[in-house]
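Structure incoming, see below.
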Amino acid sequence: MTDKGSSAPSFPMKRCPFSPPPEYEQLRESDPITPINMPDGNQAWLLTRYEDVRRVLSDPRFSTNPKSTGYPVISPARIAQLQSENPQPFIRLDPPDHTRYRRMLTAEFVYAHIEAMRPTIEKRVEELLDEIEAKGPPVDFLQDFGLALPTSVISDILGVPYSDREFFQERSKAKLNMTLDPAEAAKATIDMREFLDQLYGEKLKTIDKTDDLITRLIKTRVDTGEISRQDAVAMIDLLLIAGHETTSNMICLGILSLLMHPDQKDALIVDPSLIDDAVEEMLRYHTILHMVGPRVATDDVEVGGHQFHKGDGVMAMISAANRDPSIFPEPDKFDIRRRSKGHVGFGFGVHQCLGQPLARVEMQSVFKVIFQRFPDLRLAVPLEDIEFNTNAVVYGIAGLPLTWTPR
Amino acid sequence: MTRRVTVEQEKCVGSGQCVMTAPKVFAQDDKLGLVVVIDSTPPESEHDAVRDAVLTCPVQCIHFDE
Ligand code: HEM
């Protein structure tokens, strides 16, 4: 595919705790569309410019389906996991199949609907903080807060018992682990589907008495013959994982970045009107979906002055796009006052995050009160001891032990 | 000449960017969650917000023409 051959850099490159691999910055300058060697020995093109990344992600001639010839393989565990998904969830499908499934859910996640849930979410935040306060310092804010909030919110929306959280949180972690034994990654997917299929069976028994997203899917889509039970299970699987594993890491990384920038934390306490921008900046700065997005050209396409050929694998890195200095000046600076609008932390194109209104309301609810309740919240361990989930498809931290002076 | 906002609803994926950016101009249809224009000739004061909505729409289905 190229004459650069084996001299090309290898993917993935080593990232830093708070920024994508430094190579992205150099490449954006010298070779913004450059060949890279993927772990399976094939080559793909790495894209690091904001405009090019947006172009690829929003061009229907680039497929996101791992079954398309030339799809870039980021790790053996990842491909095993993707291959074990049967049927595939719509995040892996291209239009028109993708459109059909996504449209069955868009009304569930519209702004007005999620906005109406804000008081409930804010109340849940307060309850979790009450529990933390009662427990006393130090507390792992990942387990007891960052993960607890989105898990309970998405469980409620879907109608998945919160009491099963350990089971599905563990499977989700395994599914997203790029360095796991491939057989285990595949097994986690299958276990998760089995668990959800069983739950589906339970829902059938109470179908007239409950009103949750799973029940609505059964009544309005499966019973009407539009989709199969397996299709519904695949959708629920996607929503459950995407609904908790992402937001939890964003909440914790958001807390951590404010602790590291105390002046900005204080500004936020004094002026709550900064919250919405602060949340967008967190999404831009951390871009936790640091492996998005693998795509493959299904036709000959020109992007950014480069001619892609049918079957070319492309890594259109949203993490690199969000650090493009031509769009975000001094991109490596965390600055809650900057205009980070237009960031691609939720992706771009038809797959742009369906749950973004929900993720935003959850994050906004957190940052509205957390530092009001715990003004001297601080790390309970040295920063060096915080473990980052570098090997996960969704970047984040393994734990966030925090302490404070009890009132 | 007044500037007119139009959308190609068939392209919309319901990401809600426009509703977040320019809530006085865009809304989401109750049944499908897809974009609807509630003010197709918005006042000057809304023009920046509409331009932002055009730029941030992930599927580029919003148009703002002279
Ligand atoms: C801060 C938290 C979140 C971040 C950073 C995030 C990020 C993303 C990104 C980057 C994509 C696009 C992936 C691609 O193009 O391959 C995506 C898709 C998706 N997200 Fe989120 N997400 C978050 C929270 C949520 C929540 C709370 C839900 C809840 C339901 C959710 C559901 C989805 C779904 C269903 C898709 C697939 C959409 C499609 O393929 O059409 N996400 N997300």
Side-chain angles (χ1 to χ4, degrees), chain A residues 50-51 53-60 90-91 93-96 98-116 220 276-277 279-280 283-284 293 318 321 327 339-361 364, chain B:
Chain A
Y50 178 86
E51 276 313 326
V53 168
R54 287 208 341 165
R55 280 280 311 279
V56 164
L57 295 182
S58 60
D59 190 320
F90 63 91
I91 193 169
L93 301 177
D94 299 318
H98 166 265
T99 323
R100 198 168 133 256
Y101 290 108
R102 177 155 173 149
R103 290 243 166 118
M104 294 178 194
L105 293 171
T106 38
E108 296 277 351
F109 291 93
V110 294
Y111 257 84
H113 186 139
I114 301 298
E115 200 49 54
T220 63
D276 292 5
D277 282 347
V279 164
E280 298 309 311
L283 291 161
R284 178 198 73 86
I318 57 174
I327 307 292
R339 240 180 83 90
S340 35
K341 205 176 176 52
H343 71 75
V344 286
F346 284 121
F348 203 66
V350 297
H351 293 283
Q352 193 186 57
C353 186
L354 174 72
Q356 56 184 300
L358 180 60
R360 285 193 168 103
V361 169
Q364 290 161 1
Chain B
M1 196 171 145
T2 41
R3 302 193 66 181
R4 183 169 278 285
V5 181
T6 53
V7 294
E8 298 167 81
Q9 202 198 44
E10 64 284 3
K11 274 196 190 172
C12 178
V13 291
S15 78
Q17 296 290 340
C18 55
V19 183
M20 184 179 77
T21 310
K24 291 183 186 146
V25 181
F26 303 100
Q28 286 171 305
D29 156 88
D30 282 344
K31 246 181 105 211
L32 284 173
L34 304 182
V35 62
V36 286
V37 179
I38 46 178
D39 184 357
S40 59
T41 52
E44 284 271 342
S45 55
E46 288 297 311
H47 286 194
D48 276 350
V50 174
R51 261 178 237 118
D52 276 348
V54 171
L55 285 175
T56 54
C57 172
V59 292
Q60 290 136 16
C61 74
I62 302 171
H63 308 283
F64 192 33
D65 308 309
E66 292 295 344

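Throughout, a chain's letter reflects where its sequence line sits, starting with A, and its residues are numbered from 1.
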Where does B:D52 contact chain A at under 4.5 Å (heavy atoms): side chain, backbone, both or neither? side chain
Over all heavy atoms of both residues, which pair between B:T56 and A:R54 is shortest? Give the atoms and the distance, please. CA-NH1, 4.5 Å
Within-4.5 Å side-chain heavy-atom neighbours: B:M20 and A:Q356: no
What residue, out of A:H343, A:H351, A:R360, A:M104, has the most heavy-atom pairs lying under 4.5 Å from chain B? A:R360
When rounded to the nearest 0.5 angstrom, what distance separates CD in B:Q60 from CG in A:D59? 9.5 Å
What I'd like to find out is whether the side chain of B:L55 reaches to under 4.5 Å of the side chain of A:K341, using heavy atoms alone. no
Measuring from A:R103:CZ to B:K31:NZ, what's the distance to the nearest 0.5 Å? 13.0 Å
Find the distance between OG (B:S15) and CZ (A:F348) and round it off to the nearest 0.5 Å. 9.0 Å
So which residues of residues 107-116 of chain A are in contact with chain B at a heavy-atom cut-off of under 4.5 Å? A:A107, A:V110, A:Y111
Heavy-atom count check: over 12 atoms from other residues, nucleotides or ligands less than 6.0 Å from B:E44 CD? no
Please rank B:D29, B:D30, B:V19, B:T21 by heavy-atom pairs under 4.5 Å with chain A and give me the top one. B:T21
Interface residue of largest heavy-atom contact number with chain B, from A:S58, A:P60, A:G349, under 4.5 Å: A:G349
Working to the nearest 0.5 Å, report the span between CG of A:L105 and CG of B:L32. 12.0 Å
Shortest non-hydrogen contact from A:T106 toward B:V13: CG2-O, 3.2 Å
